[in-house]
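Working notes for the structure below.
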Protein chains: 2
Amino acid sequence: MVLPSRLRLEQFAQLSPQDRQSLLGAVSHTLELEPDCDLISQEERPTACYLVLEGMMCRYKSLQGGRRHIVGFHIVGDFCDLNGPVMGRMDHNVASLSPAKLAVIPTPALFRLLEQRPQIEHAFWKETIADAAIAREWIANVGGRSAYERIAHLLCEMGRRIEAAGLAQDGAFDWPIRHQDLAEAMALSSVHVSQVFQRLSNEGLVKGEEGRLRILDWPGLEAAGQFRSHYLFLAGTAVAEPLVP
Amino acid sequence: MVLPSRLRLEQFAQLSPQDRQSLLGAVSHTLELEPDCDLISQEERPTACYLVLEGMMCRYKSLQGGRRHIVGFHIVGDFCDLNGPVMGRMDHNVASLSPAKLAVIPTPALFRLLEQRPQIEHAFWKETIADAAIAREWIANVGGRSAYERIAHLLCEMGRRIEAAGLAQDGAFDWPIRHQDLAEAMALSSVHVSQVFQRLSNEGLVKGEEGRLRILDWPGLEAAGQFRSHYLFLAGTAVAEPLVP
DNA sequence: CGGTTACTTGAGGCGCGTCAACTTCTGTGG
DNA sequence: CCACAGAAGTTGACGCGCCTCAAGTAACCG
């Protein structure tokens, strides 16, 4: 098994070769998932945390009436889910959106890693904080913006994250997310998502290409979504100050 | 200065008397705020983190058109904001909702604390995770529930948190949050918040009492809000597993 | 008192939901 | 090669939850 070339962790802290080695050593095995498979369920005691090697994952909450609400997406290089092992209990579900491959780090190995490599613990903490910052932005996005702005904003967010992870090829990237998934994330109906997507296409901002997405007009899309990337804490856009200066 | 008897930190990890002492030692001074004062602003580099000693605080995001969207509340015993110092930059604002008093821990003292007392670092990490869990629940709340359910849910959340912090007296507690604030948090108009509040009162679920709030019918309110408290990770409701077993 | 802030009440309108029918597109098996 | 089923997306009609605007009340305060 090979780790993704750009771990999200490394946007938050410098890892030494030794750190990377320890991380790799903590992986017990890999796991392949079909699309739409639950990986961990709400209120379970998680037995591991997972690093996304391929595909796309999401976190979701189950609501009354069998509906689900997606509260976050995860791409290659992200950890999902660190919260569960640390708190001892899941407050949400984690599932695949596409075929996916994951590296499994069992809880005991994770805890050993935290003890032995403080730099990794700091990086993990920062990754959970960055996820929390995204969650806060989603609250404002779902609550404060129109359907059109909301979807434009999300596409900007995902585009920037995917670029930062080195997963875009000349402005386009894999996009396994269906309208129904987007609807569940952005609190819209899939019907309305479809209409908004057409408008974004007609305006020449984005273009869907067979399971991939191309952003044609970054400034236009960012304006449409009132998007500013500061909350993503991407390396490059902001100086990532060391935890202990 | 005296620390609140129940720090939220202590719901997540056992602190030794020595830990508490170090925490107290890291406080440089206290700060008193009028209602509606900004404490830290978006994109600032924070110079300290703050422990709420009195009053209520909120985090909010500024949206286009001067609107603001509240993305979290903080009560006595909570830290606000640990994210900023750790990441080196704020992704949101922190402000007072009522007259408030805060203990100030300057960033350098905070970092020293993290290095010297690993147990405190773990507790801090858990507090940020618990805040993130609340943020995720808010996404689902704002996105997936009606105005009536949404407000009932929020009242349950705040009630439980306030009780867990030991700040309720026979079922009632200080409630400085105006309808306008609730509206900004729950993505509603203050007009509609007012109507929902009346309905909740008429149904005998809650009762406003001069800057205080009393929950008259817990089961009723929880049903109305489809509320389950697991995501709060309150001591007592779930076993808080030690980080390193 | 008059000004200010919080909350209430009512009327009218719009964004987005729901429902339902239709269109692709894909994969499967005869 | 076509028949069929199922999943994803599209289109249109209609309705409702909540918004906006606007006027009014109540409490507090200099």
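Note that these values count all heavy atoms, side chains included, but never hydrogens, waters or copies made by symmetry. Throughout, protein chains are lettered first and strands after them, A, B, ... in sequence-line order, and every chain is numbered starting at 1.
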**OP:** Look up atom CD in A:Glu127 and atom CG in A:Asn83, then write down how far apart they are to the nearest 0.5 Å.
**Re:** 10.0 Å
**OP:** Answer whether the closest heavy-atom distance between the side chains of B:Arg214 and B:Asp170 falls below 4.5 Å.
**Re:** yes
**OP:** Could you check how far CD of A:Glu149 sits from C1' of C:dC16, rounded to whole Å?
**Re:** 14 Å
Original post:
Going by the angle between their ring planes, with limits at 30° and 60°, are A:His153 and A:Phe227 parallel, tilted or perpendicular?
Top reply: perpendicular
Original post:
Looking at NE2 of B:His69 and CG of B:Leu63, how far apart are the two atoms once the value is rounded to the nearest 0.5 Å?
Top reply: 7.0 Å
Original post:
How long is the gap from CG on A:Leu155 to CH2 on A:Trp218, to the nearest 0.5 Å?
Top reply: 8.5 Å
**OP:** Using a cut-off of 6.0 Å, state whether more than 12 heavy atoms not belonging to A:Gln169 lie near its atom CD.
**Re:** yes
Original post:
Can you find a side chain N or O atom of A:Ser194 that sits less than 4.0 Å from OP1 or OP2 on D:dG9?
Top reply: no
Original post:
In whole angstroms, how far is the P atom of D:dA7 from the CG atom of A:Leu97?
Top reply: 17 Å
Original post:
Looking at residues 174-184 of chain A, who's got a heavy atom less than 4.0 Å off DNA chain D?
Top reply: A:Arg178, A:His179
Original post:
Counting only heavy atoms not in A:Glu209, do more than 12 sit closer than 6.0 Å to its CD atom?
Top reply: yes
Subject >> Rounded interatomic separation in angstrom, taking CZ from B:Arg199 and C1' from C:dT9 >> reply: 18 Å
Subject >> Distance under 6.0 Å and angle within 45° of ring axis: B:Arg199 vs B:Tyr148 >> reply: yes
Original post:
With the sugar-phosphate defined as primed atoms, P, OP1 and OP2, and the base as all remaining atoms, what B/S/- string results for nucleotides 12-23 of chain D, 5' to 3', for protein heavy atoms under 4.0 Å?
Top reply: B-----SSBB--
Original post:
Is the shortest heavy-atom distance from the side chain of B:Val52 to the side chain of B:Ile75 under 4.5 Å?
Top reply: no
Subject >> Residue pair A:His92 / A:Asp81, side-chain donor-acceptor N/O under 3.5 Å >> reply: yes
Which pairs, protein N/O on one side and nucleotides 21-24 of chain C N/O on the other, fall under 3.5 Å?
none

